[in-house]
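A short worksheet on the structure shown next.
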Amino acid sequence: MENELKLNNTAVKSNALSKENLWVVIPVVLLLGLVATLIYNHHAEFSWDGLIQGFDENLLAFFLIGVFAQLVDGALGMGYGATSTSFLLAYGVPPVVSSTAVHVSEMFTTGASALSHHRFGNINKKLVKHLLIPGVLGSITGAYLLSDVIDGDVIKPFIAVYMIVLAAIIIKKALKKNVEKKKTKKLGVLAVFGGFMDSVGGGGWGPIVTSTLLGRGRNPKYTIGSVNAAEFAISFASGITFMLFGGIHGWQVIIGLIAGGVIAAPIAAFLVTRIKRKPMMIAVGILIIILSLKTLSKLL
């Protein structure tokens, strides 16, 4: 009898360990598959001369944007897409190129983030499951519309206004003192909207979903960890959709953002315990508003 109990306990532990490993194995396999696919499909587009010519002040600018956006995201649990898209639009990058670049680079940065949050036990798996599928569906829809239906130049001013709204949400959450804990309803609807706006606007998953959940009084540690873990699937889905329907444009932007984000990730993890959240959120919100107003001034 005792032997049977021991065997059952061992089987249960082994099964639980296998499920835990999936949270690591799946992101790693997807990222390795993505790298292999990109190399196989696009290696002909690169030449030694082209790579050398690509190392110019534009690449440096995109690299710095990637560094700053990842530092913001690492410190706040939100803002990578909003920050990087605002900078790219202000720099003159077209909406479809900026959104594609942000989401392809986010495939790597959010994958690393998801693995890190899992490592430190910051993930509420039940919350991730509620957000995952609706968020993916919303992001695929938004990515398809932007790639194959919507004219990027037409919606550029609307994206700038949307970024100002996101910045206002970030500032509002920063200024809010006491948050009363409330039950969060319609998580699926929230995830669909967050995923859709993230794809169309080039950012918004964190400011919409994270800020809403935090505003409802949810635990910041598990909220940020879970939303970031789900964001990997959202970014992966929208990035793949952009590749299928719109192709990949702006390799210089993508490489710059990925390099900057990967290098900044460990620095952001260190700074998150050193920087006060509220002043940082207010500063980032004001910066996004300034950049978006600059974009609007060029269009009017």
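A quick note: this is a predicted structure, and the numbers were derived from the prediction, not measured.
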Inset, instruction - For residues Val253 and Val102, determine if any side-chain heavy atom of one lies less than 4.5 Å from a side-chain heavy atom of the other. - result: no
Inset, instruction - Of all the heavy-atom pairs spanning Gly142 and Ser199, show the shortest one and how long it is. - result: C-CB, 3.7 Å
Legend entry - From CA spacing to verdict: side-chain contact (heavy atoms from CB on, under 4.5 Å), Thr141, Val192: CA-CA 9 Å; Thr141 303; Val192 169; over 6 Å; no
Legend entry - Heavy-atom pair with the smallest gap, counting every atom of Gly188 and Pro134: O-CB, 3.3 Å
Inset, instruction - Write down the atom of Val128, the atom of Ala229, and the distance for their closest heavy-atom approach. - result: CG2-CB, 4.2 Å
Legend entry - Intermediate values then yes/no, side-chain contact (heavy atoms from CB on, under 4.5 Å), Thr110 and Asp73: CA-CA 10 Å; Thr110 57; Asp73 194 68; over 6 Å; no
Legend entry - Gap between atom OG of Ser139 and atom CH2 of Trp205 - 0.5 Å precision: 8.0 Å
Inset, instruction - Apply side-chain contact (heavy atoms from CB on, under 4.5 Å) to the pair Ser98 and Leu89, showing each step before the final yes or no. - result: CA-CA 7 Å; Ser98 64; Leu89 290 176; 4.0 Å; yes
Inset, instruction - Evaluate ring pair (Phe, Tyr, Trp, His ring centres under 6.0 Å) for Phe87 paired with Tyr91, printing each intermediate quantity in order. - result: CA-CA 6 Å; Phe87 269 109; Tyr91 197 74; 9.5 Å; no
Inset, instruction - Could you tell me the separation between the CG atom of Leu145 and the CD1 atom of Ile140, rounded to the nearest 0.5 Å? - result: 12.0 Å
Legend entry - Thr223 and Asn124, any side-chain heavy atoms less than 4.5 Å apart: no
Inset, instruction - Using the rule that two of Ile, Leu, Val, Met, Phe, Trp, Tyr join whenever any of their side-chain heavy atoms come within less than 4.5 Å, decide whether Met197 and Val189 are in one cluster. - result: no
Inset, instruction - Decide yes or no for Leu213 and Leu127: does some side-chain heavy atom of the first lie under 4.5 Å from some side-chain heavy atom of the second? - result: yes
Legend entry - CG/Leu137: more than 12 non-hydrogen atoms of other groups inside 6.0 Å: yes
Legend entry - Close side-chain approach of Gln70 to Ile65, heavy-atom, < 4.5 Å: no
Inset, instruction - Take Glu106 and Asp198 through the test side-chain contact (heavy atoms from CB on, under 4.5 Å) and record every step on the way to the result. - result: CA-CA 11 Å; Glu106 275 191 314; Asp198 192 76; 4.2 Å; yes
Legend entry - same_hphob_cluster(Tyr222, Val209) at 4.5 Å side-chain heavy-atom cutoff: no
Legend entry - Minimum side-chain heavy-atom gap Phe62-Val93 below 4.5 Å: yes
Legend entry - Short side-chain donor-acceptor distance under 3.5 Å, Ser105 and Tyr80: yes
Inset, instruction - Quick one: pull up CD1 in Ile171 and CD1 in Ile289 and give me the separation to the nearest 0.5 Å. - result: 4.0 Å
Inset, instruction - Provide the closest heavy-atom pair for Leu132 versus Ala233 in the form atom of the first, atom of the second, distance. - result: CD1-CB, 3.3 Å
Inset, instruction - Check Ala230 against Leu131 and note the closest heavy-atom contact, atom names and distance. - result: CB-CB, 4.2 Å
Legend entry - Shared hydrophobic cluster, Ile234 / Leu187 (ILVMFWY, side-chain heavy atoms < 4.5 Å): yes
Inset, instruction - Would you give the length of the straight line joining atom CZ of Phe232 to atom CZ of Phe108, rounded to the nearest 0.5 angstrom? - result: 9.5 Å
Legend entry - Cluster check Ile133, Tyr144: I/L/V/M/F/W/Y, side chain < 4.5 angstrom: no
Legend entry - Residue pair Phe63 / Ile255, side-chain heavy-atom distance below 4.5 Å: no
